[in-house]
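Heads up: the structure comes next, in structure tokens.
Note that ligands are numbered from 1 as they come in the structure, with each ligand's atoms numbered from 1 the same way.
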Amino acid sequence: MPFSETPGFKPSKQHEQLGSAYYDAVAPADFPSLRLRYRNQRWAERIGLGKLSDSDWNDHFGRFTPFKGSFAEPLALRYHGHQFQVYNPQLGDGRGFLFAQCYDLKDGRLLDFGTKGSGQTPYSRDGDGRLTLKGGVREILATEMLEALGVNTSKSFSLIETGEELWRGDEPSPTRSSVLVRLSHSHIRIGSFQRLLYLDEHENILKLMDYAIANYLPEAQREPVEERAVAFLEAVGKRVAATGARWMLAGFVHGVLNTDNINITGESFDYGPWRFAPTLDPSFTAAYFDQTRLYAFGRQPDVLLWNMTRLAECLLPFAPKDKLENVLQGFGPAFRDAFNVAILDRLGLRSGGAETDQRLAGAIWQFLAESRMPFERFFFDWRGAEAKRAAESPEAVVYESTAFGPVGKLLAKYEPRAADIANHPYFQHTEPCTMLIDEVESIWKPIADKDDWNAFETKLAAIGEMREAYAGANA
Ligand code: AMP
Ligand code: MG
């Protein structure tokens, strides 16, 4: 069934309203072949594209043929940003574009079909505009895991293998090529604002802020502009803090927290060298090229605040410095509050009051850092704070240690959100579902060696089960 006949699908061209100062119309690459490797049927149904035939899917998400209600041509978005805290005015969509937009049929949110690997643009510099197949597979694994663990993330929507040979320094080359489509709640980045500040286009900053508020952050709608700018910074900060807190509780290290990778909706996106930490090690770092460990696991909250400070600078033309600074000072407390809520979500517990929750979060974090027990195992074992279930874990002896004492005492005060919170079959398995680096490699190897996608499919099914196990309580 083609797009035009899919029931319910609601396309949008909202981003065009901003005008050409924010993007460049570009052409997609002409790939030698298209082989559909991943189709996110769950999200396709959610936006009304569940019945799209595979050949139409390839046509729109591999060839990027426009459809009724889409842009006439894809839009390469303009942005700058700080990479590893060094300003780079030569960024922008160099291997991706905004192909189309639509509305989420469940909650009405505006969603982008953004691409990765769809060809060169004016922002490609020396790059080929392509994505390796391994890079695409890794992005799917990251987004599926994060979504299951309750992180506000972009969704990998489509992955198509494109039949080219790519040369990369960090992968055995030549390596296979792919094009990814992600569904994102905006692609407006902190770096989109920084570019306009750099160019002294203050009116355009205002226009982008008002567009962002109207389409994504209605809670910041205020008059006059001074109050609006302050409310905007606060709204973005709350969302970024909430996402950052949930990364920490997923044991997730994004790896490249440059300002161009921070979405103003707070949605987590753009997954390159990400990793999940096997244990709570604050110095655990994802990217091999991050030699100073700037984006290490434990530094993520500070780095996000540093990035928010860059956004505040873009708002200085519209609001007094002290008011913006005041908002930035609220970032730490907002992060802590979000962290305390997220830890209860992970454990499926009712709040025990703000003060006790704070003590519980502190005690758990200290215990995990000191014991270095497997990170995900702790949350799996203590779902619903059922001491009886935890006592059956292979880690039970750790839970009898004095180091665990304070955590155990606090957990005993807590009530599960529902009596059956840990009854889902997922919690009856012997192991939690994880995505450590050796697992990622062992999923990739059979694909690389013999085009065998079984391990990949099996893992996606396991993640799906985990998602369902957590979703009931946290929806
Ligand atoms: P990222 O690390 O994916 O956030 O990308 C940082 C910048 O490099 C962005 O401007 C990208 O568009 C650009 N870029 C990354 N890889 C490529 C590539 N293969 N070809 C062209 N541009 C790229
Ligand atoms: Mg990026």
Side-chain angles (χ1 to χ4, degrees), residues 22-24 26-31 74-99 112 114-140 142-143 153-154 156 159 161-162 164-171 173-182 184-195 198 240 243 253-275 285-290 294-295 303-304 307 310-311:
Y22 298 84
Y23 51 74
D24 299 79
V26 292
D30 185 9
F31 296 115
L75 310 177
L77 305 182
R78 299 179 180 178
Y79 56 84
H80 292 173
H82 279 89
Q83 295 183 300
F84 292 87
Q85 301 190 339
V86 178
Y87 194 75
N88 186 348
Q90 292 193 308
L91 299 177
D93 272 346
R95 58 165 161 175
F97 47 62
L98 179 62
F99 168 57
D112 291 353
T115 65
K116 198 168 184 178
S118 50
Q120 289 173 314
T121 77
Y123 306 102
S124 300
R125 292 173 287 167
D126 298 331
D128 58 8
R130 304 308 202 259
L131 172 68
T132 65
L133 182 62
K134 187 178 184 185
V137 165
R138 281 180 49 92
E139 180 138 343
I140 294 168
T143 51
T153 177
S154 66
S156 299
L159 186 71
E161 187 168 355
T162 48
E164 295 178 324
E165 289 189 337
L166 305 180
W167 296 83
R168 292 288 184 275
D170 54 358
E171 281 185 48
S173 294
T175 190
R176 289 148 76 180
S177 64
S178 69
V179 64
L180 178 93
V181 175
R182 58 163 100 99
S184 287
H185 189 43
S186 140
H187 278 86
I188 300 173
R189 309 137 191 270
I190 291 180
S192 314
F193 284 89
Q194 289 184 286
R195 173 180 162 273
Y198 180 89
V240 167
T243 296
V253 190
H254 180 285
V256 192
L257 290 182
N258 295 337
T259 55
D260 59 301
N261 285 343
I262 306 296
N263 194 326
I264 52 94
T265 61
E267 192 181 76
S268 166
F269 82 119
D270 213 0
Y271 302 100
W274 61 268
R275 285 196 191 193
T285 306
Y288 70 89
F289 49 83
D290 186 359
L294 178 66
Y295 296 147
V303 162
L304 291 177
N307 289 345
R310 306 289 78 76
L311 180 60

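- Side chains of Thr243 and Ser268: no donor on one and acceptor on the other come within 3.5 Å.
- A side-chain N or O of Asn258 and one of Tyr295 form a donor-acceptor pair less than 3.5 Å apart.
- The closest donor-acceptor contact from the side chain of Ser184 to the backbone of Ser154 lies at 3.5 Å or more, if one exists at all.
- By the side-chain hydrogen bond (donor to acceptor under 3.5 Å, both in side chains) test, Asp290 pairs with no residue at all, sequence neighbours left out.
- Side chain to side chain, Thr132 and Glu171 meet the donor-acceptor criterion of an N or O pair below 3.5 Å.
- Inspection of the Tyr271 and Thr153 side chains reveals an N or O donor paired with an N or O acceptor under 3.5 Å.
- Within 4.0 Å of ligand 1, heavy atoms belong to protein residues Tyr79, Gln83, Leu91, Gly92, Asp93, Gly94, Arg95, Ser124, Arg125, Gly127, Asp128, Gly129, Arg130, Arg168, Asp260, Asn261, Asp270.
- Between the side chains of Ser186 and Asn263, a donor-acceptor pair is found at a separation under 3.5 Å.
- With sequence neighbours excluded, the residues forming a side-chain hydrogen bond (donor to acceptor under 3.5 Å, both in side chains) with Thr285 are Arg293, listed by chain and number.
- Listed by chain and number, Asn261 OD1, Asp270 OD2 are the protein N/O/S atoms closer than 2.8 Å to the Mg ion (ligand 2), with waters left out.
- A donor-acceptor contact under 3.5 angstrom links the side chains of Arg182 and His187, judged on distance only.
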